[in-house]
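Excluded from the calculations below are hydrogen atoms, water molecules and symmetry mates; all remaining heavy atoms, backbone and side chain alike, are included. Protein chains get the first letters and strands the later ones, always in sequence-line order, with residue 1 at the start of each.
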Amino acid sequence: MTGTGQASPVLEVTELRRRFGGIVAVDGVSFDVARQDVLGIIGPNGSGKSTLFNLLTGALPPHGGRIRHEGRDITGWKAHRVARAGVGRTFQIPALFVNMTVRENLYAAATHGDWKAVPGRADEVLELLTLGHVAGTPAGSLSGGQQRLLEFGRVLMRDPSLVLLDEVTAGVHPNLRAVILDAVQRLREQGTTFLVIEHDMELVRTVCRRVLVMDAGRVVADGTFAEIASDPQVMEAYLGVPAE
Amino acid sequence: MIRSRTFAPHTWRQAVVVLVILVALVSVPVWAGDYWTRLLTGVAMWAGLALSWNVIGGYAGYISFGQVAFFGIGAYTTALLMQPARHWNFLLTLPVGAVIAGLLAVVVGWPALRLRGAYFAIATWALAEAIQQVVAALGFTGGTSGLQLPINASTSFFYYAMLVTAVLAYAVVYLLLERSRFGFRVKAVRDDERAAAAAGINATAVKIQAFTLSAVIPAVFGGINAYWITFINPPSVLAGDITDQMVVMTLIGGLGHAWGPVLGAAVLYLAGRQFLASFGNQTGYIAMVGALVALVVLFLPDGIVGLVPWTRRLRLVRQLLRRKDRDS
């Protein structure tokens with residue numbers, strides 16, 4: 001399975017597996033993502049989407065399979081090494097440094113590399129995500145939508161080549177949602193690749209050039225939104241309708 | 001474009017205040033008598049010890065009940081090296097104690113910092129108890145009989161030794177944890193370890209570095225204290241209540257705040273001495289400390305520092321108390 005881009009894949013996943021006791025959360029998942037692609041990952045709750053993200057970012061070690069990022073085997077790497085290699089992520093429930101201000105959260109996300117460039121980069125991110133007016137506010141005092149924006153901003157501070165967004169617009173005000181989607185679009189044009197877990201099908205339809213459908217830890221469909229929308233296995237996964 | 005701001009907008013004003021305080025402190029032996037010089041020697045020592053606990057408890061978010069082990073290691077290193085058979089210069093013994101304490105922190109911290117919440121607290125408490133028992137059992141440490149050190153009767157010598165060490169410790173901790181990228185890493189790990197790792201921060205390494213920093217400081221104070229009190233044994237430099245004092249001074253001064261430990265140390269040490277002078281014992285002091293800790297946890301989670309209107313509100317007390325639930 002190959003993405004829609006023409007260059008070598010940014011991410012190649014082969015036969016990835018992860019168990020929790022007797023439950024197989026990710027069961028032989030394989031796919032790859034081309035540069036500047038926006039790959040949507042959908043599926044019912046418990047289908048293994050967030051576990052897949054945890055495996056790709058080193059938050060969990062896989063029990064089998066291979067992960068290659070930019071041609072380099074990163075299977076089993078610790079989360080901080082994966083992040084330094086250029087993979088950024090957000091969490092399903094925003095994970096912020098609540099005792100730091102918004103600006104300090106951005107600084108904390110960029111402690112490796114050119115430290116002198118960090119304030120300037122933080123200014124750019126604050127402007128891109130319209131968070132400038134709350135730069136000095138403790139992160140714990142932000143609204144839910146602003147917290148998601150800040151978490152996204154922290155990812156951008158590292159200028160990653162691959163960004164994994166886990167329900168980044170869930171519960172977000174439409175105005176802030178537009179800010180996030182606009183930022184995704186602009187960054188994609190500049191060369192960033194995205195993996196997006198979403199339940200909002202309208203967003204998936206408009207943003208994702210390709211969609212992966214997961215159910216019970218497996219990929220049950222892979223294609224454009226139009227292709228997966230007419231796929232009987234997808235209908236079964238979502239609605240429980242038996243495939244004809 | 002949003003204007004870039006430095007980390008603190010009032011740096012110069014703070015510098016002037018610090019300078020005035022430093023001048024006042026340096027001249028203490030000139031304008032204060034022996035009694036007050038000795039009292040302020042104690043304040044300087046406890047400010048440094050509370051600072052060391054603030055590094056691991058306030059900045060890194062790990063409750064340690066083992067800090068006294070490092071204090072005792074520093075004390076015994078100085079005492080052993082200054083015995084007539086070795087006859088080391090006092091000042092040269094201090095870095096040796098600091099290095100031994102730092103190495104022990106790395107060795108212990110490597111496995112212990114993988115534990116969370118109460119489990120880490122228990123592990124560090126066990127470390128302190130084990131060190132106390134080992135020192136009491138060994139022959140070359142003097143066992144339960146302890147060790148005598150050479151006598152230095154100069155009050156101002158120990159005042160300056162404690163003061164210089166405390167000022168240096170505060171300067172190093174302030175620069176590392178409030179002004180450098182290392183400080184951002186430590187606080188990021190404290191607030192959310194998963195998010196810190198996702199930001200490229202090696203949480204294990206950062207926690208060990210912070211624990212080592214918090215171990216080196218009490219070791220130096222332990223060495224100076226041993227020379228000051230001229231006789232040490234396990235109850236005098238390895239008793240668990242020394243750590244307890246560090247914890248309550250930090251909590252009451254302001255957990256996680258740069259200046260919390262010095263405020264807590266000054267208030268509690270002077271109050272303790274006052275109780276002793278007035279009533280001949282510290283029973284009332286202990287009751288007062290218990291009440292103060294309860295009040296701080298309930299109503300003033302940022303401690304005395306929190307009374308200053310522009311102090312940043314932290315959620316550390318709540319965070320530490322809920323850590324087990326959050327991490328499990």
| If only atom types and distance count, is the side chain of B/Asp191 paired as donor or acceptor with the main-chain N or O of A/Asn99 below 3.5 Å? |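 Yes, B/Asp191 side chain to A/Asn99 backbone: donor-acceptor pair under 3.5 Å.
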| When you measure from the side chain of B/Arg185 to the backbone N and O of A/Ala108, does any donor-acceptor pair fall under 3.5 Å? | no
| query | With chain B, which of A/Ala139, A/Gly88, A/Gly58, A/Gly140 has the greatest number of heavy-atom pairs at distances under 4.5 Å? | reply |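 Sorted descending by pairs with chain B, the first entry is A/Gly140.
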| Chi angles and distances behind the side-chain contact (heavy atoms from CB on, under 4.5 Å) call for A/Phe97, B/Lys187 | CA-CA 8 Å; A/Phe97 307 134; B/Lys187 288 182 266 189; over 6 Å; no
| Derivation of the side-chain contact (heavy atoms from CB on, under 4.5 Å) call for A/Arg89 and B/Arg194 | CA-CA 11 Å; A/Arg89 74 167 294 182; B/Arg194 280 181 320 155; over 6 Å; no
Interatomic spacing from [atom1] in [X] to [atom2] in [Y] - rounded to 0.5 Å:
X	Y	atom1	atom2	result
B/Ile201	A/His80	CD1	NE2	10.5 Å
B/Asn202	A/Arg84	CG	CZ	6.0 Å
A/Met100	B/Leu314	CE	CG	10.5 Å

| message | Within 45 degrees of the ring normal and closer than 6.0 Å to the centroid, is that where the cationic atom of B/Arg181 sits relative to A/Tyr107? | response |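 No; the conditions do not both hold, so B/Arg181 does not lie above the ring face of A/Tyr107.
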| note | Turns out that what part of A/Ala59 lies under 4.5 Å from chain B's heavy atoms comes down to neither
| Using non-hydrogen atoms only, which part of A/Thr90 is less than 4.5 Å away from chain B: side chain, backbone, both, or neither? |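 Interface part for A/Thr90: neither.
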| request: Answer yes or no: are there more than 12 heavy-atom neighbours, outside B/Leu175 itself, under 6.0 Å from its atom CG? | output: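 Check passes, neighbour count above 12.
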| message | Can you confirm whether more than 12 heavy atoms, excluding those of B/Leu168, are under 6.0 Å from its CG atom? | response | yes
| task | Show your working on side-chain contact (heavy atoms from CB on, under 4.5 Å) between B/Thr204 and A/Lys78 and close with a plain yes or no. | result | CA-CA 11 Å; B/Thr204 305; A/Lys78 298 274 188 194; over 6 Å; no
| task | Of all the heavy-atom pairs spanning B/Ala195 and A/Arg154, show the shortest one and how long it is. | result |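 The answer is CB-NH2, 3.4 Å.
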